[in-house]
2 protein chains.
Amino acid sequence: MAKIQKVAELAGVSTATVSRALAGKASVSPATRARVEQAAKELGYVVSASASSLASGRTRNVGIVTPQLSSWFYMSVLDGAQRTLSDAGYDLTLYHLDANIGADLPADANPRRRRLFDEFLRRKRVDALIAVSLELNSAELASMHGLNKPVVGIGGPLPGVPTLSVDDKAIATLATEHLLSLGHRDIAHIAGDPDFELDFHLPATRRAGYEDALRGAGIEPEPLLVRSADFTIAGGYDATLQLLGDPRVHPTAIFAASDEMAIGAMLAARDLGRDVPGDLSIVGIDGHDLGGFFGLTTVDQFPQIQGRRAVETVLHELDGEHEEPSNEELPYELVVRKSTSKPRATSKP
Amino acid sequence: MAKIQKVAELAGVSTATVSRALAGKASVSPATRARVEQAAKELGYVVSASASSLASGRTRNVGIVTPQLSSWFYMSVLDGAQRTLSDAGYDLTLYHLDANIGADLPADANPRRRRLFDEFLRRKRVDALIAVSLELNSAELASMHGLNKPVVGIGGPLPGVPTLSVDDKAIATLATEHLLSLGHRDIAHIAGDPDFELDFHLPATRRAGYEDALRGAGIEPEPLLVRSADFTIAGGYDATLQLLGDPRVHPTAIFAASDEMAIGAMLAARDLGRDVPGDLSIVGIDGHDLGGFFGLTTVDQFPQIQGRRAVETVLHELDGEHEEPSNEELPYELVVRKSTSKPRATSKP
DNA sequence: CTGAAAGCGCTTACAG
DNA sequence: CTGAAAGCGCTTACAG
């Protein structure tokens with residue numbers, strides 16, 4: 001592992017010039033730059049991250065904090081972020097908050113969470129931070145701001161931080177209106193269970209979008225048509241069993257707050273002998289990989305793009321452009337496949 | 001962000017002592033240590049990663065290289081690794097190789113891959129490396145060894161590197177023998193497609209385990225009973241359609257080389273009106289989250305534990321214990337659920 | 001456009 | 001058990 005001194009000697013310049021040439025500074029003559037690059041290549045020289053960071057104060061490393069490492073959504077965001085960072089020559093260090101531990105608990109209720117804010121994030125290992133679907137308590141927020149680094153949030157509302165998010169309420173409204181426009185009136189909703197999300201407002205927001213759409217069509221929301229589940233296929237399956245078995249309601253369509261729950265709903269409907277979409281139309285939210293296979297109609301929220309945009313925003317800030325702590329709306333798109341259609345007939349008794 | 005000097009002043013000691021006390025060195029008196037810890041806490045002092053790394057040569061950071069960021073298996077490994085690292089006070093930086101680009105291609109065929117070895121891995125940002133399911137060409141191997149850092153591999157065979165892996169052949173044999181012991185004779189295999197794995201030997205290994213089991217039972221493997229697919233649900237679905245539609249073969253059971261393909265097989269069987277397990281038994285490999293929901297019999301290979309063990313091995317090496325470049329066998333376990341049973345009757349014509 | 005030199009914030013022999 | 005001091009490998013004003 002050659003050091004900068006060796007490169008300087010081989011190129012016949014000072015280490016200062018090597019540093020400048022390799023950093024791409026404008027003030028190096030083309031001839032010198034070429035010689036330095038050649039020397040560096042010959043020696044297989046790569047700048048030492050820690051020495052460079054210590055001297056410059058920049059790490060070329062971005063941290064990303066996600067609630068989970070096992071769900072498709074977060075992985076897609078991570079994937080998009082990682083590619084974009086890598087193409088910009090940045091490393092990514094991954095932090096991980098266990099979900100199911102609300103930020104409303106006393107801060108020391110979860111030692112891992114506490115340690116993340118008190119220790120890991122304060123080591124100055126990263127230039128900036130991306131927080132995915134996180135809701136922080138005030139101590140955590142203060143701690144994050146105290147880092148004095150660019151932070152951008154995806155999804156969760158983070159006071160004082162620029163944030164990227166899809167308009168969750170609008171997405172839910174769109175999904176519901178798709179069903180309404182097909183002629184459905186008895187539309188059930190499988191809501192997310194707030195206990196299973198760090199961003200605990202999300203389920204309520206989506207439900208509000210659903211109710212708005214109903215009211216917009218002159219339909220009073222029926223609480224019996226709403227069940228909550230844990231965002232998984234199994235959860236969606238079970239919720240659908242309950243929904244379809246309840247003699248008091250007769251949904252002809254289901255809007256599920258995630259694609260996985262929607263897939264669970266499709267499987268449950270099938271097991272109960274209900275034809276999808278003939279007897280029951282189903283829409284989800286996400287743009288999950290499996291959607292195509294199952295023919296699921298959904299609202300795609302392009303999680304990879306969310307990761308990419310978050311990185312772009314953060315790199316932009318690192319280039320010195322100040323971002324207002326406002327919210328940028330991310331794209332989404334209704335993708336109609338085969339799980340939705342007109343209701344076959346009114347199924348009301 | 002306080003520096004060590006401040007802590008030293010507040011505690012009334014030298015910076016050397018602060019450094020020692022906070023690093024937990026034995027040679028600090030309990031009283032001094034307590035004062036230093038108190039001072040550090042009061043000031044919210046956390047050691048700067050880059051300064052510490054530069055001075056000590058240790059980064060307290062481990063790199064992990066995975067072929068993909070979107071498959072359940074790699075995410076589970078990553079999850080296990082991240083938790084273990086975090087509990088040990090280590091950070092994790094994530095590197096990512098696009099799959100579908102074989103190591104057998106010329107090294108510069110994939111610029112991202114090349115850059116990983118030539119640049120990212122050489123920045124001295126990590127103390128050690130974990131390579132998941134990677135097969136490297138000789139230049140890449142040399143580059144990795146040239147790092148002079150502990151490397152441990154999960155899965156893929158990495159010459160000269162300690163490796164953790166489940167015995168893939170034995171797993172395949174076990175899955176097949178489970179079917180044989182139930183009385184099946186016409187057992188199909190949905191193999192992985194080597195083009196979709198960085199570790200391109202894996203599909204062949206599993207297939208060999210399958211064939212061994214058959215021969216052990218006096219059955220000559222029938223090539224028409226083997227189809228390959230891309231490790232996804234959709235791939236498994238399609239392969240099953242082909243298998244069950246082929247008039248020349250009459251499988252009563254399918255062994256799929258991954259749980260996702262096995263789930264695809266279950267869905268295909270169902271769509272074709274075949275009862276699982278009555279008409280068709282299905283086994284997978286993995287221990288996928290969805291296995292329980294679908295009632296899938298599988299051989300669990302505990303990917304989270306794989307991640308954890310890899311970290312433990314690497315940390316062990318960082319503590320100075322030299323690991324022989326041998327292979328450690330990881331646990332696996334047959335999990336019987338509802339997708340396998342005796343064949344209903346011989347389905348041979 | 002380039003170099004000499006200070007300094008980034010720690011750690012660790014060395015000496016006591 | 002503790003401190004003074006060198007040094008880790010870069011970057012960057014400053015001067016020319």
Side-chain angles (χ1 to χ4, degrees), chain A residues 1-37 39-40 43-61 89 119 122-127 147-148 318 320, chain B residues 1-37 39-40 43-61 89 119 122-127 147-148 318 320:
Chain A
M1 292 294 176
K3 317 184 173 172
I4 199 172
Q5 183 60 47
K6 293 277 174 205
V7 182
E9 282 165 18
L10 184 56
V13 294
S14 70
T15 60
T17 297
V18 173
S19 175
R20 289 188 197 105
L22 263 24
K25 307 259 190 214
S27 68
V28 180
S29 79
T32 308
R33 181 185 308 277
R35 247 182 312 135
V36 169
E37 281 168 355
L43 297 170
Y45 172 75
V46 174
V47 179
S48 149
S50 45
S52 176
S53 305
L54 181 58
S56 70
R58 306 193 58 195
T59 62
R60 302 210 138 259
N61 189 24
E119 185 181 342
R122 301 178 64 106
R123 294 207 259 227
K124 307 196 182 73
R125 202 189 287 286
V126 300
D127 287 335
L147 262 25
N148 258 318
L318 288 175
Chain B
M1 292 291 177
K3 319 185 171 172
I4 199 172
Q5 184 58 45
K6 293 276 174 205
V7 181
E9 283 166 17
L10 184 58
V13 295
S14 71
T15 58
T17 298
V18 174
S19 175
R20 291 189 198 103
L22 263 23
K25 307 258 187 214
S27 68
V28 180
S29 80
T32 307
R33 182 187 306 278
R35 249 183 309 133
V36 169
E37 280 169 355
L43 297 171
Y45 173 75
V46 174
V47 178
S48 148
S50 43
S52 176
S53 308
L54 181 58
S56 70
R58 304 193 58 194
T59 63
R60 303 210 139 259
N61 189 208
E119 185 183 340
R122 303 178 63 109
R123 294 205 256 227
K124 307 195 182 73
R125 203 190 285 288
V126 300
D127 287 335
L147 261 26
N148 259 318
L318 288 176

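Every chain is numbered from 1 and lettered A, B, ... according to where its sequence line falls, protein lines coming before strand lines. Fair warning: this is a prediction, and the values are worked out from it, not measured in the lab. All heavy atoms count here, side chains included; hydrogens, waters and symmetry mates do not.
A:Gln5 has its CD atom 13 Å from the P atom of C:dA5, to the nearest Å. In this structure, the CZ atom of B:Arg122 is 16 Å from the C1' atom of D:dG9, given to the nearest Å. Residue B:Leu54 contributes atom CG, which lies 12 Å from atom P of C:dG9 at whole-angstrom precision. Atom-to-atom, CD of B:Glu9 to P of D:dG3 comes out at 13 Å; the value is rounded to the nearest Å. At whole-Å resolution of the value, CZ in A:Arg60 and P in D:dC10 are 15 Å apart. Rounded to a whole Å, the CZ atom of B:Arg123 is 19 Å from the C1' atom of D:dC8.
Looking at B:Arg122, its side chain does come within 3.5 Å of a backbone N or O of A:Gly44 through a donor-acceptor pair. Side-chain N or O atoms of A:Asp127 include one that pairs as donor or acceptor with a backbone N or O of A:Thr59 at under 3.5 Å.
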A correct dot-bracket answer for DNA chain D, with pairs being Watson-Crick or G-U at under 3.5 Å, [ ] for crossing pairs and | for inter-strand pairs, is |||.||||||||.|||
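Contact of the A:Arg58 side chain with the A:Leu318 side chain is registered, since non-hydrogen atoms from C-beta on lie closer than 4.5 Å. For the pair A:Arg20 and A:Ser27, the minimum side-chain heavy-atom distance is below 4.5 Å.
Of the side-chain N and O atoms in A:Ser50, none sit less than 4.0 angstrom from OP1 or OP2 of D:dC8.
Every residue meeting the side-chain contact (heavy atoms from CB on, under 4.5 Å) condition with B:Leu10, not counting sequence neighbours, appears here in chain and number order: B:Ala39, B:Glu42, B:Leu43.
Which of D:dG3, C:dG3, C:dC1 sits closest to the side chain of A:Ser14 comes down to C:dG3. Counting only heavy atoms from C-beta on, B:Val13 has its side chain closest to D:dG3 among D:dG3, C:dC10, D:dC10.
Tested against B:Ile4, the residues B:Ser19, B:Ser52, B:Ser48 include a single side-chain contact (heavy atoms from CB on, under 4.5 Å) partner, B:Ser19.
Between A:Lys3 atom NZ and A:Glu9 atom CD the span is 11.5 Å, to the nearest 0.5 Å. To the nearest 0.5 Å, the span separating CZ on A:Arg33 from OG1 on A:Thr17 amounts to 11.0 Å.
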Going 5' to 3' through nucleotides 11-16 of chain D and flagging B where a protein heavy-atom sits under 4.0 Å of the base, S where only the sugar-phosphate is that close, and - otherwise, we get BBB---
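Among all heavy-atom pairs drawn from A:Gln5 and A:Thr15, the shortest one is OE1-CG2, 3.4 Å.
Between the C1' atoms of D:dT12 and D:dG16, the separation comes to 16 Å (whole Å).
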